[in-house]
Amino acid sequence: FLLLGSSQVVWFLLGLLVMGVAHAVITVKGTHLSSHGALSESAAWGQFWAVFFIEVCGSFTARAGVKAHVKMHHAHTNVIGLGDSSTWKVPFLPRVVYLFIAPLAVPIITPIVAMGQLKGQPVWAAMRTVACVCVGVYSQYVLLRRVSGLECGPALLVMLLSRAMFSLPYIHVNIFQHIGLPMFSPTRRPKRIYQMSHGVLNLPRNPLLDWTFGHSLINCHVEHHLFPSLSDNMCLKVKPIVSRYLKEKSLPYQEDGYFSRLSLFFHKYQELMVWAPPITELVGVQ
């Protein structure tokens, strides 16, 4: 906040970068780990951190977020109609817009979607979400006005830029690691070990994304889907054991580069993001 109050362009841009990185660490890594209860062994503290990271910092509803991610995506990974990552698809958008422009609107879209998710929730939960989202957004705004000394317009612009800074890789990571891999029928889903080894992919180590998004979302995503409650540090520790085990059992341990996946999605956008995915049947293991 102090750097953003500087009249020097270099210091101002450094402050914007620091705020963007901090926001990504809190709202991606913090939100993800708290949704799995991986930040505390206490159920009460786990609930507190989930509300803090998801609602106050992430401007979303904790109840809907945990349900969609933990109870649907993880429980039914790559199962058609359940955890098939179809919520990330926007078929009417052209590939260039979807991959490189639309993600920049995530900071605006997120609270709007959150308000839509409040329907059917208990009144107390809905009121808590609205209050927490308002507190989070207003707190950042007030700090930018009071500490950084920014006027209303520049303060709002800084908020948008810092919150959108990692939106592109956020959307990319969420589609790269599941879409385009085997999808399964709800009535003929394979055993969990086959489901996760075929339907989940790891990206390579990346210092920036490992730190901002966390190992469990980047280079240990297979391990995370097999052991969802493990912390980032523990996912990294079991990674060689999981890799060795799957290879010994002749199961796939899927890995691919970030730009390799980006090229694949760019050139096969219609097939991957518009058309319905084909159903895979693992003959012999069903």
Side-chain angles (χ1 to χ4, degrees), residues 32 35-36 67-91 93 95 98-99 169-206 209 213-230 235-236 238-286:
H32 183 230
S35 70
H36 286 283
K67 179 182 178 181
H69 183 71
V70 178
K71 298 182 180 180
M72 295 300 293
H73 174 64
H74 271 271
H76 309 286
T77 302
N78 285 30
V79 175
I80 299 293
L82 295 172
D84 58 3
S85 299
S86 60
T87 53
W88 297 103
K89 296 183 178 183
V90 189
L93 289 180
R95 61 182 178 181
Y98 180 88
L99 291 172
Y170 173 73
I171 295 296
H172 292 169
V173 165
N174 275 288
I175 63 175
F176 288 174
Q177 294 180 314
H178 296 285
I179 295 176
L181 300 177
M183 294 284 171
F184 309 106
S185 166
T187 58
R188 288 182 59 80
R189 61 200 300 170
K191 291 183 179 179
R192 180 177 174 80
I193 187 68
Y194 296 105
Q195 179 184 354
M196 300 308 173
S197 61
H198 284 82
V200 187
L201 176 142
N202 282 346
L203 294 171
R205 293 292 299 269
N206 180 301
L209 293 183
F213 288 7
H215 298 297
S216 58
L217 280 179
I218 304 299
N219 66 299
C220 297
H221 203 53
V222 174
E223 291 74 14
H224 172 62
H225 268 262
L226 289 170
F227 309 106
S229 61
L230 289 186
C235 280
L236 197 60
V238 303
K239 180 181 175 71
I241 301 172
V242 171
S243 172
R244 184 169 61 249
Y245 176 84
L246 292 179
K247 291 173 181 176
E248 286 176 355
K249 299 300 180 181
S250 299
L251 291 170
Y253 184 74
Q254 308 206 67
E255 298 176 289
D256 199 4
Y258 185 98
F259 290 105
S260 172
R261 296 298 287 176
L262 181 59
S263 176
L264 175 69
F265 275 75
F266 185 82
H267 291 100
K268 294 188 175 182
Y269 182 77
Q270 287 287 120
E271 177 183 335
L272 297 174
M273 300 299 293
V274 178
W275 300 340
I279 294 176
T280 300
E281 290 199 15
L282 303 177
V283 178
V285 301
Q286 236 78 338

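Note that the coordinates shown come from a computational prediction; the quantities given were computed from them, not determined experimentally.
- No side-chain heavy atom of M196 sits under 4.5 Å from any side-chain heavy atom of V222.
- Across L226 and R192, no two heavy atoms sit closer than the pair O-NH2, 3.6 Å.
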* Verify side chain to side chain contact (heavy atoms under 4.5 Å, CB included) between Y245 and Y253, making sure each step is shown before the conclusion. => CA-CA 9 Å; Y245 176 84; Y253 184 74; over 6 Å; no
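- Side-chain atoms of R95 come within 3.5 Å of backbone N or O of F266 as a donor-acceptor pair.
- In this structure, Y269 places its OH atom where more than 12 heavy-atom neighbours from other residues, nucleotides or ligands lie under 6.0 Å away.
- Considering CG of L246 and OG of S197, their distance stands at 6.0 Å, rounded to 0.5 Å.
- Relative ring orientation between H172 and F176 is described as parallel, the plane-to-plane angle staying below 30° on a 0-90° scale split at 30° and 60°.
- Taking CG of L82 as the reference point, atom CE of M183 lies at 11.5 Å (rounded to 0.5 Å).
- Remark: F265 CZ is packed, more than 12 non-hydrogen atoms of other residues, nucleotides or ligands lying under 6.0 Å away.
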*asked:* If you apply the rule side chain to side chain contact (heavy atoms under 4.5 Å, CB included), what do you find for Q254 with L181, and how did you get there?
replied: CA-CA 9 Å; Q254 308 206 67; L181 300 177; 3.6 Å; yes
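- The side-chain contact (heavy atoms from CB on, under 4.5 Å) search around Q270 returns V274, W275, not counting sequence neighbours.
- A donor-acceptor distance shorter than 3.5 angstrom exists from the side chain of Q177 to the backbone of I218, with no hydrogens or angles considered.
- Using modelled atom types, one finds no donor on one side chain facing an acceptor on the other under 3.5 Å when comparing K249 with Y194.
- With N78 contributing its side chain and P182 its backbone, the two residues share a donor-acceptor pair below 3.5 Å.
- No side-chain heavy atom of L272 sits less than 4.5 Å from a side-chain heavy atom of I175.
- With hydrogens and angles ignored, the 3.5 Å screen pairs no side-chain donor or acceptor of S263 with any backbone N or O of F259.
- S216 and C235 make their closest contact through CB-SG, 4.2 Å (heavy atoms, listed as atom of the first residue, atom of the second, distance).
- For H178 (side chain) and G199 (main-chain N/O), a donor-acceptor pair under 3.5 Å exists by modelled atom type.
- A heavy-atom distance below 4.5 Å is found between the side chains of P190 and F184.
- H215 and H221 are not linked by any side-chain donor-acceptor pair at a separation below 3.5 angstrom, with hydrogens and angles left out of the test.
- Between V79 and P186 the shortest heavy-atom distance is CG1-CA, 3.7 Å.
- Taking both residues in full, the closest heavy atoms of H32 and S35 are given as O-OG, 2.6 Å, listed atom of the first, atom of the second, then distance.
- Residues K89 and I179 meet the side-chain proximity criterion, which asks for heavy atoms closer than 4.5 Å.
- Shown here for L209 and N206, the closest heavy-atom pair between the two residues is N-OD1, 3.0 Å.
- Ring geometry for H224 versus H69: interplanar angle under 30°, hence parallel rather than tilted (30 to 60°).
- Across every non-hydrogen atom of Y258 and P169, the tightest pair is OH-CA, 3.4 Å.
- Residues H76 and K71 have side chains not in contact (no heavy-atom distance under 4.5 Å, counting atoms from C-beta outward).
- Taking CG of L93 as the reference point, atom CG of L99 lies at 10.0 Å (rounded to 0.5 Å).
- In terms of modelled atom types and a separation under 3.5 Å, the side chain of N202 and the main chain of N219 share a donor-acceptor contact.
- Rounded to the nearest 0.5 Å, atoms OG1 (T87) and NE2 (H73) are 9.0 Å apart.
- Side-chain atoms of T77 and H225 include a donor-acceptor pair closer than 3.5 Å.
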